[in-house]
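Let me begin by presenting the structure, written as C-alpha cells, before commenting on it.
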Amino acid sequence: MNAPAKFFDASAPVAFGGKEAEGAPVFRWYDKDRLVHGRRLEDHLRFAVCYWHSFCWPGGDPFGGETFLRPWHHGTDAMAMARAKADVAFELFRLLDVPFFTFHDVDAAPEGSSLAESVANLNAIADLFEQKMASSKIRLLWGTANLFTHRRYMAGAATNPDPDIFTYAAGQVRAALEVTHRLGGQNYVLWGGREGYETLLNTDLKRELDQLGRFVSLVVEHKHKIGFKGPLLIEPKPKEPTKHQYDFDVATCYGFLERYDLLKDVKLNIEQNHAILAGHSFHHEVALAEALGVFGSLDINRGDDLLGWDTDQFAMNVPELALVFHEILNRGGFTTGGLNFDAKIRRQSIDPDDLIHAHVGSMDACARAFLAAADMLDAGALSAPLAKRYEGWAGPEGRAILGGQRSLADLADRAMSPGFDPQPRSGRQEYLESLVNRYV
C-alpha cells in the first residue's frame, strides 16, 4: 500500500511566531535558533519524536478497540504498510522540524515467522530510513528492541527461565543495536518491561538478576565490538506490565549497574510517568541520576497523579519541567541524550493534526520551562541559597572531615568541648517555593 497523498492538513513546517502569535500550530516559546548559555535552543533540548505511540498505537484501551483508523494499520502486505508508515512518520518529522526520532525494532518493521525474517524486514526498513535521513535533517537519538510484546517474552527476556528465549532476545538486540549503529544512533536503550515478576512463588531472584546482569554485559561487549560509541541507556520503571520490575527506579538501577560492573558503559533514560509510579517526583529521579553520575536522557511525558498506571500524556507542566531543566542545565546539559516524546495523544484525539498540536504544545512547554531554568541559574536563584546552606562544608573543618583528616574520636572530643552548641538554621522552603514561582 502507499501512504495517503496528504495525511496531515498542515503542509509547511511549524514556525516560531512569538508569545503573541495567533492561530495554530505555531511555536510561541520554542525559538530553535535562540542562544542560551552559548548554544542554540534546538541543541539544548534535542527533541525526538517516538515511532511507537505516534504511528503504531491504534487508540485502543482495555475496554475498547482502535479509534484512530490509521491506513497503514490495515492491509495484507505488512512491509508495504511499514513503508507507508515511514512516509507519514518522516512527514511529521519535517512538519515539526525536530532533529531526532526514536524507534523499537517492531515499530519500524513487522515481525516475521522467524528471527531471520524479522531481521531481514528490519534491515529493509533501515535502508528506507537511510534514504529518507539523507535528504532531511532528522537523526536517530536512539533505537531499541521490543522484548515485551510477543508471547515468548511473557516471563521475561533476559530473566526468562528458558535459556533459549534469552538466546532469541540476544539475537533481536544484536540486530536492533547494529541497525541503530548503522543509522548513526547516539544511544541504545534497554527497557525491561517483562524483566521482573508476578509472584515470588515461581521466581528465583538471584538467578534472574544474574541473568539480567549477564545480558546487559553481552550488549556492552557487542557495542564495543562493532564500534558503537554511544552509551547504553536503561529506563527505570517500577511496575507495569509486571508486578515488580528489576529496574524499579534510579537508585535500584544504580545498585544493579554497580553490582555487575556496568557503570562505565550504561546510563539511565528517565521518564516522568515512571518516576511517579515509583513514588518519586520527576525532579527527584533526575537529581539523583545526576548526583550518581548516571544521567543519560529523558523520555518526556507526564502521568496522571490520580491514576496508578502509565498514561503517557504529553508534558505540559511548566513548573515541574523548569526544576528538572535547572538540574540538567546546572550540570552542563545533555551530551548524547535528549527529550524523547514517549507520549501519546488521547484516544479521542482522532484528527491527524492532533499529533502536530500535541507535539507543538509540549515543545513550547519545554522551551518555556528551559528558559525559566536558565534565568534561575543565571540569577543564582536556587544555587546561591543552596551554597549558603552548605557553606560550613566548604570551610576548613568541613573539608577536613570529608578529607579523612578527622577521626570519630576527634569529632566526639570537639563536640564535648566547652561552649560547643551548634544551632539549627531555617531551611527556607516556603521562600524558595515562592522564588521559583517568580520565574514560572
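FYI, side chains are in, hydrogens and waters are out, and symmetry mates aren't considered; it's all heavy atoms of this structure. Residue indices begin at 1 and follow the sequence shown. The model shown is predicted, which means the values in this text are computed figures rather than measured ones.
Side-chain contact annotation: Q245 with D247, donor-acceptor N/O pair under 3.5 Å present. Using a 3.5 Å distance cut-off with no hydrogens or angles, the side chains of Y260 and D210 do pair a donor with an acceptor. Between the side chains of N146 and D105, no donor-acceptor pair of N or O atoms lies under 3.5 Å. A donor-acceptor pair shorter than 3.5 Å cannot be found between the side chains of D249 and H274. The closest side-chain donor-acceptor pair between T336 and N187 falls under 3.5 angstrom. No donor-acceptor contact under 3.5 angstrom links the side chains of D342 and N301, judged on distance only. If you check the side chains of H244 and E198, you find no donor sitting under 3.5 Å from an acceptor. Of the N and O atoms on the side chains of Q172 and Y153, at least one donor lies less than 3.5 Å from an acceptor on the other residue.
Contact check on D43 versus R40 returns a salt bridge, with a Lys/Arg side-chain nitrogen under 4.0 Å from an Asp/Glu carboxylate oxygen. Under a 4.0 Å N-O distance rule, the pair D107/K85 does not qualify as a salt bridge. Of the charged side-chain nitrogens involved, none lies within less than 4.0 Å of a carboxylate oxygen, so that E271 and K237 do not count as a salt-bridged pair. Using a 4.0 Å cut-off between charged side-chain N and carboxylate O, D312 and R302 make no salt bridge. Under the 4.0 Å criterion applied to side-chain N and carboxylate O atoms, E235 and K267 are not assigned as salt-bridge partners.
More than 12 heavy atoms of other residues, nucleotides or ligands sit less than 6.0 Å from atom CG of D204. Heavy atoms from other residues, nucleotides or ligands lying under 6.0 Å from CZ of R34 number 12 at most.
Considering only residues two or more places apart in sequence or on other chains, F47 meets the ring-ring contact (aromatic ring centres under 6.0 Å, His included) condition with Y30, F341. Contacts of K32 classified as side chain to side chain donor-acceptor pair (under 3.5 Å), with partners at least two apart in sequence or in another chain: D97. With sequence neighbours excluded, no residue satisfies side chain to side chain donor-acceptor pair (under 3.5 Å) with S434.
A ring-centre distance under 6.0 Å is found for H104 and F148. With ring centers used as reference points, W29 lies 6.0 Å or more from F16.
D351 contributes no side-chain N or O that, together with a main-chain N or O of D353, makes up a donor-acceptor pair within less than 3.5 Å.
Ring planes of F103 and F129: perpendicular class, angle over 60° (limits at 30 and 60°).
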